[in-house]
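First comes the structure, then the notes that go with it.
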Amino acid sequence: MHKYVIALDQGTTSSRAVIFDEQAHVVAMKSYEFEQIYPQPGWVEHDPAAILNTQTDALREAVRISGIPVEDIAAIGITNQRETTLIWDRATGRPLHNAIVWQCRRTAPIVKQLCDEGYEDYIRQATGLVPDAYFSGTKLKWLLDKLDLRERAEKGEICFGTVDSFLAWNLVSGHPHVTDATNASRTMLYNIHKNDWDDTLLKALDIPRAVLPTVVDTSGVIGMLDTEILGRAIPVAALAGDQHAALFGQGCFKPGMMKNTYGTGCFLLMNTGELPVTSKSGLVSTIAWRIGGETTYALEGSVFVGGAVIQWLRDEMKLIERASETEMIANSVKDTGGVYLVPSFTGLGAPYWDMYSRGTIVGLTRGTGRAHIVRAALEAIAYQSADLVSAMATDCGRKPTQLRVDGGASANKFLMQFQSDILGCDVIRPAVIETTALGAALLAGLAVGVWKDMDEIRSIWKMDLSLTPQMNEEERRTALAGWHKAVSRSLRWVEEDKA
Ligand code: ADP
């Protein structure tokens, strides 16, 4: 009897393994943190061995504590921090540098050069992305330049991969050099329309095709787990970037369905169906998943400061002791008393794209108290997310009917109710909050027949909380107008050369 599926969730700060049963309940879970390496201001690296060791330890330990016989594990799915870039020697498998993490800004000059050479529009059109150092392409160019590897790369002696690719190489027998379409779509080297690496961009960055992995489906068996790891060969049957896995784990299978993850920042993704949507609001167009050779696309936007504004209230302002208190404090007043807090600590992303905006609190009166500020901070998380939803709605001409939510701050019912109010649509929180891991497990289980199709997955997906809007249209319009006025006061605050 094979009835369990394991998700390996390789994140930015920790590696986790989560075991699910056939009903998609969490049976066991283990995670290990690893070191963040900061060689210079703005640079971030991970030790590849630390990524691999924490991930295999988490897998072994989760299986051990679950007490499940390895014979009952039907499949393993891998989901990962996206864009983080590794290279290794094809003959020995030895990493040739630390992983360059998505947050790392070292390649900003390469991006600027690409834009100066006139590639900006081409990048948007071909890859769906906004040119940025965040994505893997310029990181790979930097590595090939720095380590003087072009010649070896051309001869096929070097492998590039994102974390999914690196784990597949190391965990699967026979060392397949693969990545899936979602991870490929975050490299800024992948043409999301043609579903192939983009020759124009490879040429612009001087990257030989021979270093690139083969792009496989998001759900599909790529090989068997090396028997050294758990003592048995188990199909490794899914690879997916974390946000894409979460969209799947939230059951957003139909165009127009969307999810928002409320963590330090917020990540909002909307399924846009079979065709990529070119955003007019600075959102990113990306591959949601590829299953059976069929590609589903998504629009993606992020809020830079989400739950982080709550950390700021706690750590810098000392207005609260714990994030969870904010719900009670916000509910202790009937509104913010006209106060708006715009947490643009590092500028604003879509739909404003103003790197020179800085945080502000407006509407203060002699009667403003702690509770009003706390409430305004929570509301700001919802307003920023609502701005993304409305940009998506404009881009694809659909009115949202429902938002599915997860992440640490989705525990806050005040925030979730306000989100529903300000969007004017239902907010649904699932029973399994581990949506990233769940998505990877569902994608893997789907590939090996634990679940026969998406309909069956839909039938086991369960919600925990459903909230409907309580605000009337006029209140909503007034509240949003106040927010947009507050945002306008925060824009272009710092001088360009001081940003
Ligand atoms: P990440 O994965 O980005 O580390 P998590 O999903 O663990 O984030 O969520 C943590 C974030 O959510 C923190 O920024 C924290 O301030 C915020 N948070 C956690 N619980 C609550 C809560 N009850 N109300 C509001 N914010 C919360």
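Throughout, residue positions are numbered sequentially from 1 according to the sequence presented. First listed ligand is number 1; within each ligand, the first listed atom is number 1. Keep in mind that this is a model prediction, so the values were computed, not measured.
Of the candidates Ala411, Gly407, Ala409, it is Ala409 that places a heavy atom closest to atom 27 (C) of ligand 1. Comparing Ala330, Ser410, Ala323 by heavy-atom distance to atom 22 (C) of ligand 1, the nearest is Ala323.
Looking from atom 4 (O) of ligand 1 to the surrounding protein, the closest heavy atom is Thr264 OG1, 3.5 Å. Nearest protein neighbour of atom 23 (N) of ligand 1, counting heavy atoms only, is Ser324 CA, 3.5 Å. The protein atom (non-hydrogen) at minimum distance from atom 13 (C) of ligand 1 is Gln311 NE2, 3.5 Å. In terms of protein heavy atoms, atom 25 (C) of ligand 1 is closest to Asn412 ND2, 3.6 Å. Regarding atom 15 (C) of ligand 1, its nearest protein heavy-atom neighbour is Gly307 O, 4.0 Å. The protein non-hydrogen atom at the shortest distance from atom 11 (C) of ligand 1 is Gly263 C, 3.9 Å.
For the residue pair Asn331 / Glu327, no side-chain donor-acceptor distance below 3.5 Å is found, with atom types taken as modelled. Under the 3.5 Å distance criterion, with hydrogens and angles disregarded, a donor-acceptor pair is assigned to the side chains of Glu45 and Asn98. His484 and Asp387 share a side-chain donor-acceptor pair at under 3.5 Å. When only modelled atom types and interatomic distance are considered, Asn183 and Asn80 share a side-chain donor-acceptor pair under 3.5 Å.
Surrounding NZ of Lys485 are at most 12 heavy atoms belonging to other residues, nucleotides or ligands under 6.0 Å away.
For Glu327, the closest heavy-atom approach to ligand 1 does not fall below 4.0 Å.
In this structure, atom 2 (O) of ligand 1 has its sub-4.0 angstrom surroundings free of protein heavy atoms.
Between atom CE of residue Met328 and atom OG1 of residue Thr326 there is a gap of 9.5 Å, rounded to the nearest 0.5 Å.
Under a 4.0 Å criterion applied to the non-hydrogen atoms of Thr326, ligand 1 contributes the atoms 24 (N), 25 (C). Each of the following atoms of ligand 1 lies closer than 4.0 Å to a heavy atom of Ile310: 16 (O), 26 (N). Atoms of ligand 1 lying under 4.0 Å from any heavy atom of Ala308, numbered from 1 in the order shown and given with element: 14 (O).
The shortest N or O to N or O distance between Gly408 and ligand 1 is under 3.5 Å.
Trp461 carries Arg404 over the face of its six-membered ring, with the cationic atom under 6.0 Å from the centre and within 45° of the normal. Cation-pi geometry between Arg105 and Trp43 is not satisfied (NZ or CZ under 6.0 Å from the ring centre, within 45° of the ring normal). Because its NZ or CZ atom is not both nearer than 6.0 Å to the ring centre of Phe135 and within 45° of the ring axis, Lys139 does not count as a cation-pi partner of that residue.
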